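Whatever order the structure lists them in is the order used to number ligands and atoms, beginning at 1. Please read all numbers here as calculations on a predicted model, not as lab measurements.
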Amino acid sequence: MEQERKLSSQTTGKERVLSGIQPSGELHLGNYFGAIQQHLQLQHEYPGECYFFIANYHAMTTTRDRELLHKRTLDAALDYLALGLDPEKATFFRQSDVPEVCELAWFLATVTPVSLLEKGVSYKEKVQRGIPASAGLLTYPLLMAADILIYQATLVPVGEDQVQHIEFTRDMAGFFNNAYGKGETLLRLPVARFSPGKKVPGLDGQKMSKSYGNTIGIFEEGKPLQKKVMGIKTASIPLGEPLDPDNDTVFALYRLVASPEETAEMRERYLEGAIGFGQAKKELLAKLDEHFAEARERRRKLAENLDRVEEILVEGAKRARKLARETLERCRDAVGIP
Ligand code: ADP
Ligand code: TRP
């Protein structure tokens, strides 16, 4: 199912996986089934070679609230650990604990034309949404490139919206290698890997997204979750009439959390008019509760042991920083900075 998008075949040697998570709001089912699940699978495919970090420097382009940034960073850490990130298999850290990335971003800035940054689709889209057009927002891709290149990552799992940023990263690595490499590859060119899986629909049937206010949080439960599920927008079809499983949000969400057999059975009931939306919603709710029960429990326990969470992040940063320093030292030497 997962399709690897090779932007070129230049990756050589051992794969190193890296991805950043923006702590920009409560994680929702779209994030989980569209991104997080793949991240977590990769730690089993490439044990010891996965680097995941919370991109809190990046979040500063949209969050100007000290407490909020702090809270969201911690929440992202709790969420990922509760969902199964294994610190024995993957290196998990805060972006800001490796400030060397800012220095590499500066190096990249000096070889990158402004015109490249001005082509940024994500930049234009964010400005259109009313996010202040700061220099930080425009140069966001420089920092993201530094994030990837400083660890010499080869494989970057991202959503489709981030693919342009990976292309920019490759361009920037090329500019830098050309300017300073003297035939040597100072910075390895990464490849984007994205799963073109279906978009997870939100409460109103549009793509689930925090910007549309139609999300179901991964860790929502009890009454608030029930209220949301029961409020999912459905077609108005009288009870007993057949329902179309391929054009229905309740079914689209159900199939994500039910087994293939249960999904096939539900499809039959839809087609035969043997179920109404009210009942389907109840069954979806039960499946959501079942699917995330363990993760919720783990999150509760972790939230009571924040020292352990801090320890994991600090330990991760130590490992990541070692790699980052190696790359940065070589780059400093190449540009003539002692
Ligand atoms: P949002 O749209 O809520 O702002 P983000 O852009 O922060 O979400 O998404 C983070 C990751 O989650 C991206 O890799 C994106 O592809 C994935 N993702 C977000 N929403 C969905 C969705 N509805 N369906 C599938 N994947 C999604
Ligand atoms: N820009 C990414 C997003 O919004 C987050 C991110 C920051 C990232 N640095 C990264 C992703 C490096 C992959 C690699 O989702």
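- In this structure a side-chain-to-backbone donor-acceptor pair under 3.5 Å is missing from Glu15 to Leu155.
- For ligand 2, the atoms closer than 4.0 angstrom to any heavy atom of Val158 are 13 (C).
- If you number the atoms of ligand 1 from 1 as listed, the ones under 4.0 Å from a heavy atom of Lys199 come out as 24 (N).
- Neither the backbone nor the side chain of Leu143 comes within 4.0 Å of ligand 2, counting heavy atoms alone.
- For the pair Gln95 (side chain) and Tyr57 (backbone), a donor-acceptor distance under 3.5 Å is present.
- When Thr62, Ile166, Thr61, Ile148 are checked for heavy-atom proximity to atom 14 (C) of ligand 2, Ile148 turns out nearest.
- With hydrogens left out, the protein atom closest to atom 13 (C) of ligand 2 is Gly20 N, 3.3 Å, a heavy atom.
- Per-residue contacts place Gly34 under 4.0 angstrom from the following atoms of ligand 1 (heavy atoms of the residue considered): 25 (C), 26 (N).
- Using a distance-only test at 3.5 Å, with no hydrogens or angles considered, a donor-acceptor pair links the side chain of Gln152 to the main chain of Arg188.
- Ring geometry for Tyr151 versus Phe93: interplanar angle over 60°, hence perpendicular rather than tilted (30 to 60°).
- The closest donor-acceptor contact from the side chain of Arg296 to the backbone of Phe219 lies at 3.5 Å or more, if one exists at all.
- For ligand 2, the atoms closer than 4.0 angstrom to any heavy atom of Val156 are 13 (C), 14 (C).
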From CA spacing to verdict: side chain to side chain donor-acceptor pair (under 3.5 Å), Tyr270, Asp248
CA-CA 10 Å; Tyr270 262 62; Asp248 175 50; 2.5 Å; yes
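- Counting only distance, with no hydrogens or angles, the side chain of Asn56 and the backbone of Ser96 share a donor-acceptor pair below 3.5 Å.
- A donor-acceptor pair under 3.5 Å is formed between the side chain of Ser19 and the backbone N or O of Pro157.
- The protein atom (non-hydrogen) at minimum distance from atom 1 (N) of ligand 2 is Tyr140 OH, 2.6 Å.
- Look at Glu304 and Lys301 and you find no salt bridge, because none of the NZ, NE, NH1 or NH2 atoms lies under 4.0 Å from a carboxylate O.
- Counting the atoms of ligand 2 from 1 in the order shown, those under 4.0 Å from a heavy atom of Gln22 are 4 (O).
- A perpendicular orientation is assigned to the rings of Tyr32 and His291, their planes being inclined by more than 60° (bins at 30° and 60°).
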Which atom pairs, donor and acceptor, lie under 3.5 Å between side-chain atoms of residues 272-287 and protein residues at least two apart or in another chain?
unit_1	atom_1	unit_2	atom_2	d
Gln279	NE2	Glu283	OE2	2.9
Lys281	NZ	Met230	O	2.9
Lys281	NZ	Ile232	O	2.9
Glu283	OE1	Arg269	NH1	2.9
Glu283	OE2	Arg269	NH2	2.9
Lys287	NZ	Glu262	OE1	3.3
Lys287	NZ	Glu262	OE2	2.9
Lys287	NZ	Glu290	OE1	3.1
Lys287	NZ	Glu290	OE2	3.3

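- Counting atoms of ligand 1 from 1 in the listed order, those under 4.0 Å from a heavy atom of Met208 are 20 (N), 21 (C), 22 (C), 23 (N).
- Nearest protein heavy-atom contact of atom 2 (C) of ligand 2 is Gln162 OE1, 3.4 Å.
- The backbone N or O of Thr215 sits less than 3.5 Å from a side-chain atom of Lys228, completing a donor-acceptor pair.
- Within the structure, ligand 1 lacks Gln22 among the residues with a heavy atom less than 4.0 angstrom away.
- Under 4.0 Å from ligand 2, the heavy atoms of Phe53 that appear belong solely to its side chain.
- With hydrogens and angles disregarded, a donor-acceptor distance shorter than 3.5 Å links the side chain of Asn177 to the backbone of Leu187.
- At least one heavy atom of His28 sits under 4.0 Å from some atom of ligand 1.
- Atoms of ligand 1 found under 4.0 Å from any heavy atom of Ala35 (numbered from 1 in listed order, with element): 11 (C), 12 (O), 14 (O).
- Closest heavy-atom approach to atom 14 (O) of ligand 1 within the set Gly202, Gly159, Ser211: this belongs to Gly159.
- For atom 7 (C) of ligand 2, the closest non-hydrogen atom on the protein side is His58 ND1, 3.3 Å.
- Comparing Pro157, Gly213, Gly30 against atom 18 (N) of ligand 1, the shortest heavy-atom distance belongs to Gly30.
- Of the candidates Asn214, Asp161, Asn31, it is Asp161 that places a heavy atom closest to atom 6 (O) of ligand 1.
- Scanning the protein for heavy atoms near atom 9 (N) of ligand 2, the closest one is Asp147 OD2, 2.8 Å.
- For ligand 1, the polar-atom distance check finds an N/O of Lys210 within less than 3.5 Å of one of the ligand's N/O atoms.
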